[in-house]
Structures are given as structure tokens and as C-alpha cells.
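To start, the structure under review is shown below, and the notes come after it.
Lettering of chains follows the sequences in order, A, B, ..., and the numbering in each one begins at 1.
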Amino acid sequence: MHDIFLTPYDPQATEGAIYKKWEESGYFNPDNLPPVNGSPRTEPFSIVLPPPNVTGVLHIGHAYEDSLQDVVIRYQRMRGKKVLWVPGTDSAAIATQARVEKNIQKEEGKNRHDLGREELVRRVSEFAKNSENTILNQIRKMGASLDWSRYAYTMDEKRYRAVMEAFIRMFNTGLIYRGHRIINWDSKGQTTISDDEVVYKEEKSKFYYFQYGPFVIGTARPETKFGDKYVVIHPDDKRYKEYEHGQKIELEWINGPITATVIKDEASDPEIGSGVMTITPWHSQVDFELAEKHNLEKEQIIDQYGKLLPIAQEFAGMKITEAREKIVEKLHKKGLLVKIDENYVHNISTSERTGVTIEPQIMEQWFVGVDKPFIIPHSEIPGIESGSETTLKKVMRMAVESGAIQIPQERFKKIYFHWINNLNDWNISRQIWFGHRIPIWYKSGEIKAQVDSPGAGWEQDPDVLDTWFSSALWTFSTLGWPEKTTDIETYHPTSFMSPAYEILPLWVSRMILMSGFHLGQIPFRTVMIHGLVRDKQGRKFSKSLGNGIDPLDLIEKYGADAVRMGLLVGTAIGNDISFDEQKVKGYKNFANKLWNITRFTLEATEKLDISSFSVGKVSEQDKKILEKLNDTVKDVTKDLEGSKYHLAAEKIYHYIWHELADKIIEESKPILNGDNTQEKLSRQHTLYILLTVSLKMLHPFMPFVTEEIWQHLPEKETELLMVAGWPTH
RNA sequence: GCGCGGUUAGCUCAGUUGGUAGAGCAACUCAUUUACACUGAGAAGGUCGGGGGUUCAAGUCCCUCACCGCGCACCA
């Protein structure tokens with residue numbers, strides 16, 4: 001027995017070296033995996049890592065997600081599959097650019113226009129490149145068995161090609177179009193954001209009632225009312241039946257007399273306020289749709305910096321927040337203020353990234369049309385025939401409805417369908433500089449879609465693509481698309497994806513959209529949606545709350561194996577996880593327990609020729625012990641096949657500690673010290689089997705300590721435990 | 001307003017098709033140099049949120065109410 005077992009297990013001294021050993025073996029790359037029982041691995045199994053932000057650091061949510069995937073990956077590898085787990089990072093365009101801009105502002109007092117587009121992009125790219133290694137090394141620390149030779153970055157050359165190709169194909173099919181539509185404007189980030197990046201916050205504010213000709217109208221936003229010249233009334237509202245649709249009414253308004261037009265539409269709810277509303281099509285989604293329907297004029301009131309335009313006359317140039325009270329005051333003086341409700345509670349939309357209030361604006365932007373019919377040339381998705389007419393929405397729906405994509409948790413399927421039913425066209429253009437620039441060129445009214453400039457005089461569209469556009473291609477762009485690679489053939493659709501539920505609309509559904517359109521395939525077969533890691537009070541971990549737990553500190557203190565177990569045991573997938581450091585500590589002790597089980601076993605079998613033992617010599621009680629082991633293996637395997645990782649982990653833990661250590665080893669002491677040589681021999685061999693099988697079962701969950709022990713075993717089937725065969729039963 | 005989850009031991013959570021309630025941590029009693037003190041043995045602790053129903057049998061299925069959390073919509 002090696003002396004190493006005489007002192008307690010030390011994760012710090014072990015984990016780095018073990019990871020290096022794994023990496024050097026080349027087995028993270030499926031092309032190098034050894035055959036199983038003489039025959040090459042044929043059945044592929046693949047996952048692409050949800051790419052973390054390139055400038056980010058590992059947080060407890062990643063730690064959980066990475067552990068979960070690594071368990072699946074290691075299990076499948078031991079089952080003899082051709083296993084690929086592709087690593088990568090995301091440029092997270094808006095977030096990254098915002099961060100660099102802030103730094104530059106702080107250190108050099110310059111803004112992005114001072115630097116110019118080219119220089120800013122260079123600086124942001126440099127920043128991203130420099131911080132890339134941080135997150136990658138942190139992922140290594142978790143023990144994640146990723147094939148680093150296939151590392152991808154959403155902004156690298158290959159992914160750039162994929163993004164360009166995807167855009168141009170969709171443009172040529174007519175699914176990507178440019179149009180004046182109402183969008184969500186982030187005045188701080190100076191860019192649009194998609195509907196899914198809008199966060200609603202409840203706010204109490206004042207609600208004003210104004211006299212508007214013969215009507216009383218209510219609003220929380222008086223500053224948008226300059227251009228309101230339509231009054232909308234429900235057609236069945238008896239109070240206003242003398243007014244005709246289209247009727248003109250002269251009335252006194254903020255800056256003097258105006259002519260208002262009566263519009264009759266069901267959109268006006270007679271129950272709310274006075275039952276009459278005016279509309280501001282330029283700055284409200286609902287009003288915009290109403291204006292489109294009745295073909296009404298639209299006027300911009302607020303500019304892109306959140307200031308009032310000349311239409312506001314004396315208020316022009318003012319910030320909307322300061323203009324509000326002044327406008328109310330003016331209306332009050334004119335005797336048009338009816339009353340103010342101080343306790344109006346409503347939801348305001350804010351930007352997920354910058355936190356500022358979103359101002360709806362009409363702008364010319366690029367969109368992906370989700371309801372637009374197109375002919376799909378090739379489709380493997382059940383219910384959608386190759387060459388048939390379909391829509392992206394239908395592709396997204398059928399991929400899940402048909403069962404081609406499995407979402408084991410029913411409730412998330414419901415959320416998915418609900419989201420699809422409410423889906424509008426996807427705004428994909430962003431007014432920032434860092435990202436994939438839209439491959440569209442203009443020259444005096446002409447427009448061309450191609451990567452390189454068509455020649456002199458052509459101007460490229462200044463916008464870049466939504467970062468989720470490139471993320472949506474992730475399952476196949478990482479495998480080499482648009483080239484026809486063997487990786488795509490072998491590993492796509494991927495086998496498994498385990499995202500957090502909050503990312504279902506943002507990412508999961510869009511991968512289904514893109515994979516469906518470009519490949520006619522689903523992007524993955526199983527989506528196991530997981531919950532969020534929360535602290536003991538049920539709060540999300542965040543910097544601002546100061547409750548953040550750095551997984552690296554935990555690894556330092558307890559070892560990566562313990563962190564993995566602490567996150568996985570007792571946490572049903574899909575529910576939020578309440579994280580408890582005590583738990584992690586318990587699994588550190590467990591690693592040491594296993595360490596000492598090994599010590600005991602190796603001491604007891606030191607002079608034994610393990611390979612020479614035959615099955616016939618096993619004692620009756622040892623047969624029972626082995627039977628129980630087999631039952632456990634069977635049970636654990638069933639749980640793993642059924643994605644019940646938390647149950648599998650707990651059962652292995654329980655077996656090793658409370659069966660193997662507490663019962664079997666205790667009972668073995670008199671046998672090993674006794675003089676029945678046959679019984680002793682049988683027990684020695686049994687103990688060795690129990691140890692090796694336990695190591696195998698535990699390996700996907702606690703890869704480091706199990707591999708380290710494996711390295712010191714005198715007799716083993718493979719050099720590395722990570723490629724040993726999963727125990728049979 | 002529509003919808004989704006949760007409510008099980010002091011705490012954090014499991015509980016796969018209905019079949020005598022489980023784990024970890026904490027607390028309690030005992031053991032004390034043992035493969036391991038990063039330890040062992042033992043005991044204690046729950047009318048499974050309330051109420052109703054189906055069933056021989058319900059934590060589990062159905063209805064209903066309450067509280068907590070979340071999503072979507074509305075937001076004049």
C-alpha cells in the first residue's frame with residue numbers, strides 16, 4: 001500500500017495533478033477514446049456547454065450546471081459511448097462592450113465616439129481575450145471533462161462565418177427583414193433590446209386625469225401626450241355613442257388648440273378610468289398596433305436620449321422626468337387637470353442589462369419573422385415534411401410537440417408553449433459596435449447581403465446582431481457548420497442540454513428555431529431544465545446582495561468533489577436549490593471516508609494475488625454481500641438512466657458509508673483476523689471488488705478522489721478510471 | 001386577469017407506477033486512539049399547509065381554500 005493513504009485525503013494536493021493527467025491522456029476528445037472490450041466506440045453522445053460570458057467568472061450557478069453535465073458525460077463515457085462535450089464562451093456583446101466603455105470612461109475620460117468604431121472594437125476584443133482564461137481555468141477546477149481541442153468562442157473566425165452564413169440564408173429566404181417597428185429602446189445602452197431582455201418592475205407612481213375636450217383621459221405619462229390626437233372609445237360604450245368613428249373634435253391641449261379624431265375600437269376598455277384613451281403610437285406597443293390597424297399618423301415625442309423633441313415646444317430638450325411635473329403644472333394652470341391618483345401601481349419595463357426604464361420607440365430595425373411562411377428544403381422534424389411550407393413558430397412548436405425533443409418536466413413544456421403562443425418577431429439588430437456586424441450593404445437605394453464589401457461606394461449597415469443570434473447557432477456552429485463536417489454528422493443533434501429555466505425563451509427556443517431552419521434538425525434530444533441556486537433565504541446569489549458564494553473558495557476549502565456533491569445531492573432537477581455550505585463540508589468528510597476505506601482494503605489485501613481468485617471460492621455470506629452490491633449498481637444505473645442524478649448520488653453515498661464502511665468492514669475485521677483461510681480469502685477478494693465497483697459508481701460525481709485512489713490500486717482494468725467500464729449488474 | 005411551482009423532522013430538502021414516512025445538518029445519550037475524530041453505536045423528533053373526495057389503502061390521484069415564490073398578459 002502506498003504511504004499516501006496514511007494521511008487524510010488532501011484535495012488541494014490532488015485535483016490539479018489529476019486534471020492534468022486526464023487532459024494529457026487525450027480522452028476528453030472522443031477521437032482518442034480507447035475501445036471497449038476490444039471493439040471501437042460507435043454510439044455518440046454529445047453536449048455543448050452553455051457558453052459562459054467570456055469576461056465572466058465562475059459563479060455557483062455555473063458550478064451546479066457544470067457538475068450536472070459532467071456527471072452525465074462521465075457516466076456515458078464509462079458506458080462505452082463516444083462522448084463529446086464541447087467547451088466555449090460567449091462574447092455577450094452588450095454586457096462586454098458596456099463594461100469596457102465604462103473602464104475607458106473612468107480611466108481616460110473618453111467615450112466610444114472619441115475612440116471610433118475600429119479602436120473600440122479592438123479594445124473590447126482585447127479585453128475579452130485577456131479575461132478568457134480566467135473562466136476556462138475555473139471550469140477546469142470543477143473537474144469538467146471538456147474536449148478543449150474543440151473550444152469555440154462566439155466571436156472566433158469559424159463562428160463568425162456561421163453567423164454570416166445564417167444571416168444571409170435567412171435574409172435570402174425573406175425570414176430576416178428590415179422594418180419600421182416599435183422596439184424596446186435602452187437609452188443608457190443606446191441600443192434596442194429584445195422583448196425577452198425586458199424586465200418588469202412594479203412601481204408606485206402618480207396617475208393623472210386630464211380634461212381632453214369633452215372627455216377625461218388618464219395617464220401616468222403626461223410627457224408623451226403632446227402628439228396625442230386620437231381618442232379611442234369602445235364601440236359599445238353607451239356614454240359616448242353620440243361620437244362617430246372618424247369625427248373631428250376641436251379642443252384645447254398642452255400647447256394650444258388641436259384637432260382630435262375619434263377612433264372606435266374594442267381595445268379601449270370601458271371599465272378603466274373614464275373609458276376613453278388617447279394614444280401615443282411612437283412610444284407604446286399597444287398604441288402602435290392600434291395605429292397600424294387604423295392607419296393613423298405616428299409622431300415621435302422623445303428622442304433616443306430620453307429628451308423631448310421640438311413638438312413639445314417650450315419643453316423641448318428637457319429630460320422626460322423633469323418635464324413631467326412642469327407639464328402637469330401647465331395643464332393645471334389651464335384648468336385641464338382633473339385629479340391626481342397618488343397610489344397608482346403599475347409595472348414599468350426596464351432593461352435587463354443596464355437597469356434603466358425602457359422607452360418604446362419606432363425605429364428601423366432588423367427582425368426575424370416567426371410567422372412568415374417559407375419552404376423548408378429539408379426536415380427531420382416529425383410533422384414537418386421536407387419541401388413543405390411552414391413557419392419558424394411551427395418548427396419550434398413541432399420540435400417539442402412531436403416528442404423529438406424531450407422535456408421530461410411537463411411544467412416546462414407548458415411554459416415553452418405558452419411562450420411560443422405569445423411570441424412576436426425577434427428584433428435582432430443592436431446599435432452597438434462590438435458583435436457580429438450585419439452583412440448588409442447599401443448604395444443609393446440598392447441593398448446587398450454579403451460578407452465583404454461589394455465595391456466602392458457601398459456602405460455597410462452600422463448595426464451588430466443580438467448576441468443571442470450567435471448563441472442560437474451554438475449546437476451546430478461549434479461542430480463546424482456551415483461546412484459539412486464529420487462532427488456535425490456524428491454529434492448533431494446533440495444528446496443533452498441542461499439550462500436554467502430562466503433561459504428557456506432567450507436561448508433554448510432560439511436554438512430550436514435556428515437548428516430547425518438551417519439543418520432541418522432539432523438541436524438536442526433531451527432538455528433537462530434546472531433551477532437556480534439560492535441562498536438559505538431563497539434569494540438569488542448576486543454581488544449587490546453581498547450574499548455571493550465563490551465556488552472557488554469552496555473548492556479551496558473542501559475540494560471540487562465535495563462542491564459537486566453538495567450541489568447535486570438532494571436537489572431534484574428543476575426546483576431551485578437552496579445552497580448550504582454545511583452540506584459541502586459533509587462531502588469533504590465523505591471523500592476522506594472513501595480514502596480510509598481504501599486504506600483498510602489495501603492493507604487487508606496487501607499480499608493477495610487478486611487476479612488468481614475464482615468465482616467458485618466465494619463464501620456464502622460474501623455472495624450475499626455481492627448481491628447487495630449488484631442491487632445497488634442496478635438501482636443507481638436506473639436512476640442515472642432516468643436522469644435522477646440526485647437520487648443516484650445519495651444512494652452511492654449511503655451505500656459506501658453506511659453499508660460498506662459501517663457494516664461490511666466492521667464485520668470483516670474478525671474474519672480477516674481469524675484462522676479460516678478460505679473465508680478470509682473470499683472476504684479479501686470481496687472487499688477489493690466492493691472498492692473498485694464503488695469507485696466506478698462514484699466517479700461521475702466525485703471524479704478526483706476516485707481517480708486518485710484508482711491510480712494507487714495494484715490491479716485495475718484501465719489506466720484511468722475515467723475510461724473504465726461502468727459496472728454491470 | 002391567465003398560468004406554473006412550493007408547503008413533509010428544529011433547519012435545508014428527497015420521496016420514481018398509490019402499499020408501514022427518508023437523508024444531510026443541528027440537537028440528545030453513550031463509546032475514545034480506532035481503516036478513518038474529517039469517527040462509531042444508539043435513541044429522539046413528522047396527524048406530510050387546512051378541508052373534502054376516490055380507494056381495501058393517499059405525502060402520492062381528484063376538488064377546494066390559505067400562504068409563499070415565479071412566469072405571462074395588462075399597464076389609458
> Looking at A:Tyr243 versus A:Phe215, is the centre-to-centre ring distance below 6.0 Å?
Replying inline: yes

> In whole Å, what separates the P atom of B:rG59 from that of B:rA9?
Replying inline: 14 Å

>> Roughly how many Å apart are B:rA27 and B:rC38, using the P atom of each and rounding to a whole number?
In response: 16 Å

> If you check the A:Lys588 side chain, which of B:rC38, B:rC36, B:rG24 turns out closest?
Replying inline: B:rC38

> Any side-chain heavy-atom pair from A:Ile664 and A:Tyr655 closer than 4.5 angstrom?
Replying inline: yes

>> Can you confirm if the NZ or CZ of A:Lys588 lies within 45° of the ring axis of A:Tyr558 and under 6.0 Å from the centre of its six-membered ring?
In response: no

> For A:Asp639, which of A:Lys651, A:Lys644, A:His646 qualifies under side chain to side chain donor-acceptor pair (under 3.5 Å)?
Replying inline: A:Lys651

>> Under a plain distance cut-off of 3.5 Å, with no hydrogens placed, do A:Lys716 and A:Thr692 share a side-chain donor-acceptor pair?
In response: no

> Does a side-chain N or O from A:Asn575 land closer than 4.0 Å to OP1 or OP2 of B:rA14, or not?
Replying inline: yes

>> Taking only the P atom of each, what is the distance from B:rG5 to B:rA23 in whole angstrom?
In response: 28 Å

> With distance as the sole criterion, is a donor-acceptor pair present between the side chains of A:Asn421 and A:Lys393 under 3.5 Å?
Replying inline: no

> Which value, in whole Å, describes the distance between the P atoms of nucleotides B:rA26 and B:rA21?
Replying inline: 27 Å

>> When the P atoms of B:rG1 and B:rC61 are compared, how many Å lie between them, rounded to an integer?
In response: 27 Å

> Which stems, defined as runs of 3 or more consecutive Watson-Crick or G-U wobble pairs with both pairing distances under 3.5 Å, involve RNA chain B?
Replying inline: B:1-7 with B:66-72, B:10-13 with B:22-25, B:28-31 with B:39-42, B:49-53 with B:61-65

> Could you state the CH2-P distance from A:Trp419 to B:rA73, rounded to the nearest angstrom?
Replying inline: 11 Å

>> Distance check needed: B:rU39 C1' versus A:Trp595 CH2, whole Å only.
In response: 18 Å

> Looking only at atom P, what distance separates B:rG10 and B:rU16, rounded to whole Å?
Replying inline: 22 Å

> Under 4.0 Å between a Lys/Arg side-chain N and an Asp/Glu carboxylate O for A:Lys293 and A:Glu289?
Replying inline: no

> Between atom NZ in A:Lys201 and atom P in B:rC72, what is the gap in whole Å?
Replying inline: 14 Å

>> Nearest heavy atom decides the nucleotide; on that basis, is A:Lys669 or A:Lys583 closer to the 5' end of RNA chain B?
In response: A:Lys583

>> What I want to find out is whether A:Glu401 reaches A:Lys413 closely enough, with some N-O distance under 4.0 Å, to be called a salt bridge.
In response: no

>> Could you tell me how far B:rA35 sits from B:rA44 if I compare only their C1' atoms? Round to whole Å.
In response: 30 Å

> Are the charged groups of A:Arg79 and A:Glu641 less than 4.0 angstrom apart, N to O?
Replying inline: yes

Taking N or O atoms only and anything under 3.5 Å, show me the protein contacts with nucleotides 74-76 of chain B, one pair per line.
{"residue": "B:rC74", "atom": "N4", "partner": "A:Asn347", "partner atom": "ND2", "Å": "2.7"}
{"residue": "B:rC75", "atom": "O2'", "partner": "A:Tyr344", "partner atom": "OH", "Å": "2.2"}
{"residue": "B:rC75", "atom": "O2", "partner": "A:Asn347", "partner atom": "N", "Å": "2.9"}
{"residue": "B:rC75", "atom": "O2", "partner": "A:Asn347", "partner atom": "O", "Å": "2.7"}
{"residue": "B:rC75", "atom": "N3", "partner": "A:Asn347", "partner atom": "O", "Å": "3.0"}
{"residue": "B:rA76", "atom": "O3'", "partner": "A:Gly218", "partner atom": "O", "Å": "2.9"}
{"residue": "B:rA76", "atom": "O3'", "partner": "A:Thr219", "partner atom": "N", "Å": "3.2"}
{"residue": "B:rA76", "atom": "O2'", "partner": "A:Gly218", "partner atom": "N", "Å": "3.2"}
{"residue": "B:rA76", "atom": "O2'", "partner": "A:Gly218", "partner atom": "O", "Å": "2.0"}
{"residue": "B:rA76", "atom": "N6", "partner": "A:Ala267", "partner atom": "O", "Å": "3.4"}
{"residue": "B:rA76", "atom": "N6", "partner": "A:Asp269", "partner atom": "N", "Å": "3.0"}
{"residue": "B:rA76", "atom": "N1", "partner": "A:Asp269", "partner atom": "N", "Å": "3.0"}
{"residue": "B:rA76", "atom": "N1", "partner": "A:Asp269", "partner atom": "O", "Å": "3.4"}

> Can you find a side chain N or O atom of A:Trp657 that sits less than 4.0 Å from OP1 or OP2 on B:rG40?
Replying inline: yes

> With a non-hydrogen cut-off below 4.0 angstrom, is A:Leu602 in contact with a base, only sugar-phosphate, or nothing?
Replying inline: nothing

> Salt bridge check: are A:Lys663 and A:Glu666 linked by an N-O gap of less than 4.0 Å?
Replying inline: no

>> Nearest to the A:Lys651 side chain among B:rU16, B:rU39, B:rC4, which nucleotide is it?
In response: B:rU16

>> With a 4.5 Å cut-off on side-chain heavy atoms, are A:Val232 and A:Val276 touching?
In response: no

>> Rounding to an integer number of angstrom, what distance separates B:rU60 and B:rG53 when you compare their P atoms?
In response: 14 Å

> When you measure from the side chain of A:His658, which nucleotide among B:rC25, B:rG24, B:rG40 comes out closest?
Replying inline: B:rG24

>> Between A:His646 and A:Gly586, which residue's closest nucleotide on RNA chain B lies nearer the 5′ terminus?
In response: A:His646

> For residues A:Gln361 and A:Gln300, is any side-chain donor paired with an opposing acceptor at under 3.5 Å?
Replying inline: yes

>> Starting the side chain at C-beta, find the nucleotide from B:rC4, B:rG15, B:rG40 nearest to A:Lys593.
In response: B:rG40

>> What is the separation between atom CG on A:Asn421 and atom P on B:rG71, rounded to the nearest whole Å?
In response: 19 Å

>> Taking the minimum atom-to-atom distance to the side chain of A:Asp662, which one of B:rA41, B:rC4, B:rU16 wins?
In response: B:rA41

>> Let's see if you can work this out: which of B:rC36, B:rU16, B:rC4 has an atom nearest to the side-chain heavy atoms of A:Asn592?
In response: B:rC36

>> Starting the side chain at C-beta, find the nucleotide from B:rU16, B:rC72, B:rA35 nearest to A:His418.
In response: B:rC72

> A:Arg411 has an atom CZ; how far is it from atom P of B:rC2, in whole Å?
Replying inline: 21 Å

>> With a 4.0 Å limit, can you tell me whether A:Arg599 has a side-chain N or O closer than that to the phosphate oxygens OP1/OP2 of B:rC36?
In response: yes

> What's the CD1-C1' distance between A:Ile415 and B:rC72, to the nearest Å?
Replying inline: 10 Å

> Can you check the A:Leu532 CG to B:rC70 P distance for me, whole Å?
Replying inline: 11 Å

>> Expressed as a whole number of angstroms, how long is the span from A:Phe590:CZ to B:rG40:P?
In response: 12 Å

